[in-house]
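Reading through the structure tokens given below for one structure.
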Amino acid sequence: IQSMLYVTPAQDPSPATVPDRNAFFDLGLAYACGHGKPVDLVHAHKWFNIAALLGNPRAREERAEIAELMTPVQIAQAQRLAREWVLSYH
């Protein structure tokens with residue numbers, strides 16, 4: 001995950017480059033907390049959404065928590081980004 005902390009939104013990691021599925025959760029945390037990158041709730045929600053799709057139960061909890069801080073437009077944007085990412089790799 002350490003190397004993923006410096007990935008920009010334009011350089012989203014592919015599933016093949018991720019060491020394990022929990023790394024997507026960790027990337028969500030990095031965006032949510034500003035660890036190694038600026039706080040970005042849209043991208044945090046996106047990565048929590050992807051981690052939740054891959055079966056991480058904590059990701060669902062974190063996604064719900066940050067969603068309370070987001071506008072409906074931001075949530076829709078995060079969902080669109082997650083959907084685009086999933087469709088690009090499946």
Side-chain angles (χ1 to χ4, degrees):
I1 184 68
Q2 195 65 19
S3 62
M4 290 179 61
L5 293 178
Y6 303 100
V7 170
T8 67
Q11 303 169 314
D12 283 350
S14 73
T17 63
V18 177
D20 65 62
R21 293 178 182 206
N22 290 324
F24 294 112
F25 176 80
D26 293 340
L27 194 52
L29 283 178
Y31 276 109
C33 300
H35 180 67
K37 51 183 72 260
V39 171
D40 184 334
L41 297 183
V42 171
H43 281 89
H45 190 285
K46 167 192 167 177
W47 290 116
F48 287 142
N49 199 20
I50 291 166
L53 283 170
L54 296 172
N56 185 313
R58 285 184 55 212
R60 289 182 185 93
E61 296 168 11
E62 294 293 334
R63 181 184 60 198
E65 188 174 318
I66 65 166
E68 293 178 11
L69 304 173
M70 299 169 69
T71 67
V73 171
Q74 289 174 311
I75 293 169
Q77 182 183 13
Q79 290 171 336
R80 181 183 53 79
L81 290 171
R83 190 169 38 255
E84 288 173 357
W85 186 90
V86 169
L87 291 174
S88 70
Y89 293 108
H90 287 89

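Residues: numbered from 1 along the sequence shown.
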Subject >> Closest non-hydrogen atom pair between A59 and A51, with its separation >> reply: CB-CB, 3.6 Å
**OP:** To the nearest 0.5 angstrom, please state how far the CD atom of E68 sits from the CG atom of L41.
**Re:** 12.0 Å
**OP:** Work out which heavy atom in N49 is nearest to a heavy atom in A82; give both atom names and the distance.
**Re:** ND2-CB, 3.5 Å
Subject >> R80, CZ: over 12 other non-hydrogen atoms inside 6.0 angstrom >> reply: yes
Original post:
Can you name the nearest heavy-atom pair linking R60 to A52, along with the distance?
Top reply: NH2-O, 3.3 Å
**OP:** Considering non-hydrogen atoms only, spot the tightest contact between A32 and F48 and give its length.
**Re:** CB-CE1, 4.2 Å
Original post:
So how far is it from E61 CD to R63 CZ, rounded to the nearest 0.5 Å?
Top reply: 10.5 Å
Original post:
Got a second to check how far K46's NZ is from F24's CZ, nearest 0.5 Å?
Top reply: 10.0 Å
Original post:
If you round to the nearest 0.5 Å, how far is CZ of R58 from CG of N22?
Top reply: 8.5 Å
**OP:** Among L81, I66, L69, find the one that has a side-chain contact (heavy atoms from CB on, under 4.5 Å) with H45.
**Re:** I66
**OP:** Give the minimum heavy-atom separation between Q74 and M70, together with the two atoms involved.
**Re:** OE1-CA, 3.3 Å
